[in-house]
Amino acid sequence: MDIKLELIGVPVSDVDRAKAFYEQVGFHADHDVTVSDSIRFVQMTPPGSACSIAFGKGITEMTPGSLDNMQVVVADIEEAHAELSRRGIDVSPIDDQPWGSFTYFADPDGNRWAVQQTTPRGA
């Protein structure tokens, strides 16, 4: 039996601000549907990913900003760091660890993301 992770809910306080931020990061807006006065569903996907994020109104009961350590993987951490910086995203310096190299950022609500190159730089 295959079990595929397809969608992660991200708790946000302002749907339009979150959508603009994730577009700035480079995510593609797949859906933005207002179902009713109490439900708006926005789905966005990072380039090259099979898994998407969803946020909106009536999507999750989690507190905005409570998501910690969502992780995406890239082939080149220096390229990813430079691209995110160029896009105006406040990213941390590159953190080299024995298991990979990382940079970190947070969305406007404080949901935290890790960007990992699985092979440490210089390995």
### Query
Looking at Pro46 and Cys51, what are the two nearest heavy atoms and their distance?
CD-O, 3.5 Å

#### Entry: CZ (Arg40) with more than 12 external heavy atoms under 6.0 Å
yes

### Query
How many angstroms lie between CD in Gln117 and CG in Asp96, if you round to the nearest 0.5 Å?
8.5 Å

### Message
I'd like to check the side chain to side chain contact (heavy atoms under 4.5 Å, CB included) partners of Ile3; sequence neighbours left out, ordered by chain and number.
### Response
Met1

### Query
Could you walk me through whether Phe102 and Ile94 pass the side chain to side chain contact (heavy atoms under 4.5 Å, CB included) check?
CA-CA 6 Å; Phe102 299 83; Ile94 295 173; over 6 Å; no

### Query
Do Val42 and Val35 belong to the same hydrophobic cluster, where Ile, Leu, Val, Met, Phe, Trp and Tyr are linked whenever their side-chain heavy atoms lie under 4.5 Å apart, directly or via other members?
no

### Query
Is the Phe21-Trp113 ring centre distance short of 6.0 angstrom?
no

### Message
Same cluster or not: Tyr104 versus Trp99, using hydrophobic residues (I, L, V, M, F, W, Y) connected whenever any side-chain heavy atoms lie under 4.5 Å apart?
### Response
yes

### Task
Examine Leu84 and Met70 and state if one hydrophobic cluster contains both, with Ile, Leu, Val, Met, Phe, Trp and Tyr joined whenever side-chain heavy atoms are less than 4.5 Å apart.
yes

### Query
Linking Ile, Leu, Val, Met, Phe, Trp and Tyr through side-chain heavy atoms less than 4.5 Å apart, which residues share a cluster with Phe41?
Leu7, Ile59

### Summary
Between Thr103 and Ser92 the two heavy atoms that sit nearest each other are OG1-O, 2.7 Å

### Residues Arg17, Asp109: salt bridge by 4.0 Å N-O rule
yes

### Task
Compare all side-chain heavy atoms of Val72 with those of Gln116 and state whether any distance is below 4.5 angstrom.
no

### Message
For Asp37, is there an ion pair with Lys57 - N to carboxylate O distance below 4.0 angstrom?
### Response
no

### Summary
Between Ser66 and Pro11, the two heavy atoms sitting closest are OG-CG, 3.8 Å

#### Entry: Residue pair Lys19, Met44: steps toward the side chain to side chain contact (heavy atoms under 4.5 Å, CB included) verdict
CA-CA 8 Å; Lys19 183 178 178 186; Met44 302 188 78; 4.1 Å; yes

#### Entry: Pairwise side-chain contact, Phe105 with Val25, heavy-atom cut-off 4.5 Å (strictly under)
yes

### Message
Taking CD in Glu61 as the centre, count heavy atoms belonging to other residues, nucleotides or ligands within less than 6.0 Å. Is the count above 12?
### Response
no

### Query
Under 4.5 Å between side-chain heavy atoms, hopping through other hydrophobics if needed: is there a path connecting Val115 to Leu5?
yes

### Message
Is there a path of hydrophobic side-chain contacts, each under 4.5 Å between heavy atoms, that joins Val15 and Leu67?
### Response
yes

#### Entry: Closest heavy-atom pair and its distance - Glu6, Ala50
OE1-O, 3.7 Å

### Task
Compare all side-chain heavy atoms of Phe27 with those of Ile53 and state whether any distance is below 4.5 angstrom.
yes

### Query
What are the two closest heavy atoms between Gly9 and Met62, and how far apart are they?
O-CE, 4.4 Å

